[in-house]
Amino acid sequence: MFNSVCVVGLGYIGLPTAAVFAKTGTQVTGVDVNDAAVKTINSGKAHIVEVDLDGLLQGVVSNGNLKAQTTPAEADAFIIAVPTPFKDNHAADLSFVEAAIKSIAPYVKNGNLIVLESTVPPGATDKMVAWLEEARPDLKAAGGAGTAYYAAHCPERVLPGRVLIELVQNDRIIGGITEECAEHAQDLYETFLKGECYLTNARTAEMAKLSENAFRDVNIAFANELSLISDKLDIDVWDLIRLANRHPRVNILQPGPGVGGHCIAVDPWFIVDAVPDTAKLIRTAREVNDSKPRTVVDKVKRAAARFKNPTVACLGLSFKADIDDLRSSPALDITTQLSSELDCDILAVEPNIDILPEELSKTGLQLTTLMDAVERADILVLLVDHLEFKRLPSGKRAEKIIVDTRGIWT
Ligand SMILES: NC(=O)c1ccc[n+]([C@@H]2O[C@H](COP(=O)([O-])OP(=O)(O)OC[C@H]3O[C@@H](n4cnc5c(N)ncnc54)[C@H](O)[C@@H]3O)[C@@H](O)[C@H]2O)c1
């Protein structure tokens, strides 16, 4: 029975998860090292943009089911949803997981459940357990007789923009340190889950999440490589893919400006780092996708060279459509490179943010509206397929040079 849950890390994953648990009547303590985020959450608002999250938070904060703070508290279950970026050598940086487990160590009791939701390389859940037991040698992991604590990995696979729906509807993979641990974690998730739970061991669950994102990355790399090949062979890649997809067993994805975000562009590296000599295809896919922003920059520079003093508008900065998240965004990367390499006016349009990130504002780049950009620019660089851009009437861009990396205007 889980009457209380402590969620550590209140970002894009942890905050919606905390709110969904609180909605079921569970007493939730949300923990984050970011004091400003904690204050915002306790005022009933989200510090991140996610559809319907503000409304849900307002309800669960005002009825007292969710309280945010900067230090952990005792609970029946702990969920860890802290960042897991990669280091310069592409190995996973588990320092946030280590800090999180050490911060909850004084509060854990035998009988408690600890679930690691952060995306991690194979073996990381075992490491987390080792860090916990190093800090608390009195604790015993479940598996044998008697009271013990339970530990599992349950990777998150929600889509930004649909998080509150997918948190409840998606199936979950639960990898226990032991079978008993996986079953215990299943009981926790079934308090709100409509999807199925599939139980396995922690290593398989860790690798399953990485494989899902590596699968996407490899398929996107294929589309991106086709776009590079098509450019060289003077073929319209959008037409090419549309035609090839008429085959009943072919489904090529759409190319883009590169792959961004904190999942698909990061997680495959954890596999490459674990088995560098074997994960050849996965590494190459990462390299193809990472090379894409540079080719877009070069294409825009070639277009700009045809003008005396052009104005360039970069449409979209986020890493995917209709969200405000600029982390590891190829669109942001391209815009930054263009503003440092082109000696001309560069406008940025990002309907989902109000101010430019510091690295862009100090380059002199101006954030403006779509209509203003379209009016002023000679070259429109379409980087993100935001709804607002899709709706731009074709007459408005008739006289412009277009570099459309998403194929929405072709
Ligand atoms: N965002 C997604 O769409 C998504 C999807 C699937 C999986 N994931 C994975 O989920 C994990 C979390 O991702 P996110 O997008 O929510 O990250 P995030 O950066 O939005 O949020 C993480 C939060 O953890 C906090 N934090 C860091 N160290 C802490 C500590 N020691 N104690 C308490 N709080 C701490 C940060 O201040 C931040 O608010 C990552 O491993 C990510 O790969 C993310």
Side-chain angles (χ1 to χ4, degrees), residues 6-20 28-42 46-51 53 68-73 75 78-87 92-107 114-121 124-125 127-128 131-132 135 153-167 170-173 205-206 208-214 216-217 259-271 318-329:
C6 176
V7 180
V8 185
L10 298 175
Y12 285 88
I13 294 301
L15 185 57
T17 303
V20 166
V28 180
T29 306
V31 182
D32 204 291
V33 290
N34 178 347
D35 196 36
V38 165
K39 287 201 176 92
T40 309
I41 295 163
N42 283 333
H47 64 294
I48 51 163
V49 174
E50 181 54 51
V51 177
L53 184 57
Q69 53 192 54
T70 51
T71 50
F78 295 84
I79 291 183
I80 296 180
V82 294
T84 44
F86 59 69
K87 299 189 263 195
D93 176 358
L94 295 179
S95 60
F96 297 94
V97 175
E98 184 176 358
I101 190 75
K102 287 185 171 163
S103 76
I104 65 167
Y107 303 91
I114 302 165
V115 182
L116 178 59
E117 282 206 5
S118 303
T119 306
V120 290
T125 311
K127 267 191 192 148
M128 179 189 79
W131 284 321
L132 175 66
H153 176 53
C154 182
E156 189 48 79
R157 51 228 310 225
V158 287
L159 186 71
R162 280 178 50 85
V163 171
L164 290 179
I165 298 167
E166 294 208 354
L167 259 179
N170 287 359
D171 294 340
R172 299 298 290 250
I173 296 172
E206 290 162 343
K209 167 71 191 179
L210 303 182
S211 305
E212 290 160 17
N213 283 340
R216 299 274 304 152
D217 201 42
V259 171
H262 28 273
C263 289
I264 298 179
V266 174
D267 304 348
W269 284 122
F270 297 174
I271 303 178
S318 60
F319 82 83
K320 55 180 282 194
D322 304 320
I323 59 166
D324 71 327
D325 194 343
L326 309 188
R327 293 180 294 175
S328 315
S329 165

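Note that the structure is a prediction, hence the values are computed from the model and not measured. Both ligands and their constituent atoms are indexed starting at 1 by order of listing.
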- request: State, to 0.1 Å, how close Gly11 and Pro16 come at their nearest heavy-atom pair, and which atoms those are.
  value: O-CD, 3.4 Å

- request: Provide, to 0.1 Å, the distance between atom 43 (O) of ligand 1 and the closest protein heavy atom, together with that atom's residue and name.
  value: Thr119 OG1, 3.4 Å

Spacing of Trp131 atom CH2 and Leu94 atom CG [to the nearest 0.5 Å]: 5.0 Å

query: Nearest to atom 21 (O) of ligand 1, what protein heavy atom do you find, and at what distance?
result: Gly11 CA, 3.1 Å

- prompt: Salt bridge check: are Glu50 and Arg162 linked by an N-O gap of less than 4.0 Å?
  reply: no

Atoms in ligand 1 flagged as close to Val8, the criterion being non-hydrogen separation under 4.0 Å: 32 (N), 33 (C)

- prompt: If you measure from atom 27 (C) of ligand 1 to every heavy atom of Ser118, Pro83, Ala100, Gly9, which option wins on shortest distance?
  reply: Pro83

- prompt: Would you say Asp267 and ligand 1 have an N/O pair spaced under 3.5 Å apart?
  reply: no

Protein heavy-atom partner closest to atom 6 (C) of ligand 1 - residue, atom, separation in Å: Glu156 O, 3.1 Å

field: Proximity to ligand 1 by part of Arg327, non-hydrogen separation under 4.0 Å
entry: side chain

task: First locate atom CH2 of Trp269, then atom CG of Leu210, and finally report the distance between them rounded to the nearest 0.5 Å.
output: 14.0 Å

query: Among protein heavy atoms, which lies nearest atom 28 (N) of ligand 1, and at what distance?
result: Phe96 CD2, 3.6 Å

query: Heavy-atom distance to atom 34 (N) of ligand 1: which of Val33, Ile101, Thr17 wins?
result: Val33

message: Is there a side-chain contact (heavy atoms from CB on, under 4.5 Å) between Val120 and Met128? Walk through the geometry before answering.
response: CA-CA 11 Å; Val120 290; Met128 179 189 79; over 6 Å; no

message: Could you work out, for atom 37 (O) of ligand 1, the closest of Thr84, Asn34, Asp32 by heavy-atom distance?
response: Asp32

- line: Here the gap from Ser328 atom OG to Phe86 atom CZ, rounded to the nearest 0.5 Å, amounts to 7.0 Å

field: Sub-4.0 Å atoms of ligand 1 with respect to non-hydrogen atoms of Lys209
entry: 6 (C), 7 (C)

query: Heavy-atom contacts under 4.0 Å between Cys263 and ligand 1: side chain, backbone, both, or neither?
result: side chain

- prompt: Hey, is NZ on Lys102 packed in by over 12 heavy atoms from elsewhere, all under 6.0 Å?
  reply: yes

field: Expected output: side-chain Arg157 to main-chain Glu166 donor-acceptor under 3.5 Å
entry: no

query: In terms of residue, atom name and distance, what is the protein heavy atom nearest to atom 29 (C) of ligand 1?
result: Val82 CG1, 3.6 Å

- prompt: So is His262 polar-close to ligand 1, meaning N/O to N/O under 3.5 Å?
  reply: yes

field: Short side-chain donor-acceptor distance under 3.5 Å, Glu206 and Thr125
entry: yes

- prompt: What are the two closest non-hydrogen atoms of Ser118 and Thr84, and how far apart are they?
  reply: CB-CG2, 3.8 Å

- request: Can you pull out the closest protein heavy atom to atom 16 (O) of ligand 1? Residue, atom name and distance to 0.1 Å, please.
  value: Ile13 N, 2.9 Å

message: So is Pro160 touching ligand 1 or not, going by heavy atoms under 4.0 Å?
response: yes

